[in-house]
Amino acid sequence: MEVLSREVLQKIAALKPLLDDPEVHEMFKISAVLDVPANTTLFRQGDICENYLLVVEGSVKVFARSEQGREIVLYHIGSGGSCVLTTSCLFSRSPYPAEGVTETALQAIAIPAKVFDRVLSTSAVLRRFVFHSYGERLSRLISLVQQIAFERIDVRLARYLLRNADEHLSLTHQNIAEELGTAREVVSRHLKDFESQRWVKLGRGQISVINADGLRNRVDELLA
C-alpha cells in the first residue's frame, strides 16, 4: 500500500464530484492506494470486508463458485467503479459471498471501513455516489438472474456475441460459459450450430462474428 497522492486522484475524473466535497477529500487523504498485479485474488468467499474499494485503473471480475466448481461471472468493475458486494458486506457486516480477481494490473483506493462509515453518515455527496453505484449494479445482478432463469441459452449466447461483434473474441468456450452461467459443453454445442449457419467463425482460441444479422434474426425468431 502507498499513501494516496494527487497524481492518483487526478486519474479518476469520474469521481470529481467526490473530490469537490471537503469531507470526502479528507477521507481520501487518509486512504491508501493498492497496486495489484493481474490474476490476483482480491477477496474470497467468506472473507471479512475491511475496506471500501474504488477502482482507479484496471478491471476486476467478480464471480460466484458452486460446490461442484462451476463459476458464473456476476459483473466486472472498471475504472471509477466500486463493488456492490463490498458495499453490501460493509452495510451488513457480513462476509463476502463471492470472489473477486483482477483481470488486469489494478490500481484502487482502499478506504478503511470505519472511515467510510463515518464519512458516509455526514456527506450527502458520498451517499449519493455510493447508493447510485449500489443501485445500478444491483439492477444488473437482478437482470442477470432473470436471464439465467428465464431466457434460452442460445438467445443469451447470441446477444453476448452481438455485443462484441466488432471484436475478435479471444475467449475460450469455458470463459464464455462462465460469463453466461452455463456449462462449456452447452456453449460449444451452440457455437458449432452458429458456425454451421455461417453466423460465426471459430478459430483456435478466437471467435469472429461474420453475420450479425443472422444472429439478430435468431434472437428475434426465438423471442417472437
Side-chain angles (χ1 to χ4, degrees), residues 1 15 27 31-121 126-151 153 156-157 159-160 171-172 174-184 186-187:
M1 286 191 182
L15 304 182
M27 176 185 73
S31 300
V33 176
L34 300 177
D35 286 298
V36 185
N39 302 312
T40 300
T41 299
L42 288 178
F43 55 84
R44 294 181 174 83
Q45 184 173 344
D47 284 353
I48 300 299
C49 181
E50 298 179 343
N51 298 283
Y52 182 80
L53 296 179
L54 285 173
V55 174
V56 177
E57 289 182 324
S59 177
V60 179
K61 177 178 72 173
V62 179
F63 60 95
R65 192 195 306 271
S66 72
E67 293 182 358
Q68 293 74 34
R70 179 185 294 182
E71 296 178 5
I72 176 172
V73 176
L74 302 177
Y75 51 86
H76 302 267
I77 312 168
S79 299
S82 61
C83 175
V84 65
L85 290 183
T86 296
T87 307
S88 174
C89 291
L90 287 173
F91 286 167
S92 64
R93 303 292 192 273
S94 59
Y96 278 106
E99 300 181 42
V101 174
T102 57
E103 298 180 289
T104 64
L106 183 82
Q107 189 173 67
I109 300 173
I111 304 168
K114 289 183 178 179
V115 176
F116 173 76
D117 284 346
R118 175 171 54 79
V119 179
L120 187 68
S121 68
L126 181 61
R127 284 197 299 275
R128 282 195 297 270
F129 174 83
V130 169
F131 286 111
H132 173 77
S133 300
Y134 184 81
E136 183 178 51
R137 189 69 68 181
L138 186 60
S139 294
R140 294 181 188 179
L141 278 177
I142 293 172
S143 176
L144 174 64
V145 171
Q146 290 174 331
Q147 290 171 16
I148 293 174
F150 304 120
E151 286 191 356
I153 187 60
R156 296 181 58 222
L157 176 58
R159 283 177 169 168
Y160 178 85
L171 294 172
T172 67
Q174 181 62 40
N175 293 146
I176 297 176
E178 291 168 3
E179 290 284 341
L180 300 180
T182 188
R184 179 187 59 79
V186 174
V187 168

Practice item. Could you tell me the separation between the CZ atom of Arg118 and the NZ atom of Lys114, rounded to the nearest 0.5 Å? Key: 11.5 Å
Practice item. Report yes if some heavy atom in the side chain of Leu90 is under 4.5 Å from a heavy atom in the side chain of Thr87; otherwise report no. Key: no
Review point. Considering all heavy atoms of both residues, which atom of Tyr75 and which atom of Leu85 are nearest to each other, and what is their separation?
Key: OH-N, 3.2 Å
**Study point:** Closest heavy-atom pair and its distance - Ala64, Leu74
**Key:** N-CG, 4.1 Å
Point to revise | CG on Leu157 to OG1 on Thr182, rounded to 0.5 Å | key: 9.5 Å
**Study point:** Side chains of Leu53 and Leu34 in contact at under 4.5 Å (non-hydrogen atoms)
**Key:** yes
Review point. Would Tyr134 and Ser82 satisfy side-chain contact (heavy atoms from CB on, under 4.5 Å), going step by step from the backbone distance to the final call?
Key: CA-CA 8 Å; Tyr134 184 81; Ser82 61; over 6 Å; no
Revision key, fill the gap. Rounded to the nearest 0.5 Å, the CZ atom of Arg156 sits from the CD atom of Glu179 at a distance of 10.0 Å
Review point. Quick one: side-chain hydrogen bond (donor to acceptor under 3.5 Å, both in side chains) pairs with a partner in residues 92-104, sequence neighbours left out?
Key: Ser59-Glu103, Arg65-Glu99, His76-Glu103, Thr86-Tyr96, Ser92-Ser94, Arg93-Asp117
Check your understanding: Is a side-chain N or O of Ser143 found less than 3.5 angstrom from the main chain of Ser139, in a donor-acceptor match?
Key -> no
Study note, to complete from the structure: Output for pair (Phe131 CZ, Leu138 CG), nearest 0.5 Å, gives 12.0 Å
Check your understanding: Distance-only, no hydrogens or angles: does the Ser133 side chain make a donor-acceptor pair with backbone N or O of Phe129 under 3.5 Å?
Key -> yes
Check your understanding: Under 4.5 Å between any side-chain heavy atoms of Leu144 and Arg140, yes or no?
Key -> no
Practice item. Could you pull out the closest heavy-atom pair between Pro97 and Cys89, with the gap in Å? Key: CD-SG, 4.0 Å
Practice item. Working to the nearest 0.5 Å, report the span between OH of Tyr160 and CD1 of Ile153. Key: 11.5 Å
Point to revise | Mutual orientation of the aromatic rings belonging to Phe116 and Tyr52 [parallel < 30°, tilted 30-60°, perpendicular > 60°] | key: parallel
Point to revise | Minimum heavy-atom distance Ile48-Pro95, with the two atoms named | key: CD1-CB, 4.1 Å
**Study point:** Inter-residue atom distance Phe43.CZ - Asn51.CG, 0.5 Å rounding
**Key:** 12.0 Å
**Study point:** Worked verdict on Val56 versus Val33 for side-chain contact (heavy atoms from CB on, under 4.5 Å)
**Key:** CA-CA 9 Å; Val56 177; Val33 176; over 6 Å; no
Revision key, fill the gap. When Val101, Ile77, Leu42 are each screened for side chain to side chain contact (heavy atoms under 4.5 Å, CB included) with Leu106, the one that passes is Leu42
Review point. Which residue pairs pass the side-chain hydrogen bond (donor to acceptor under 3.5 Å, both in side chains) test when at least one of the two sits in residues 37-50, sequence neighbours left out?
Key: none
Practice item. Apply side-chain contact (heavy atoms from CB on, under 4.5 Å) to Glu151 and Arg159, showing your working. Key: CA-CA 11 Å; Glu151 286 191 356; Arg159 283 177 169 168; 2.7 Å; yes
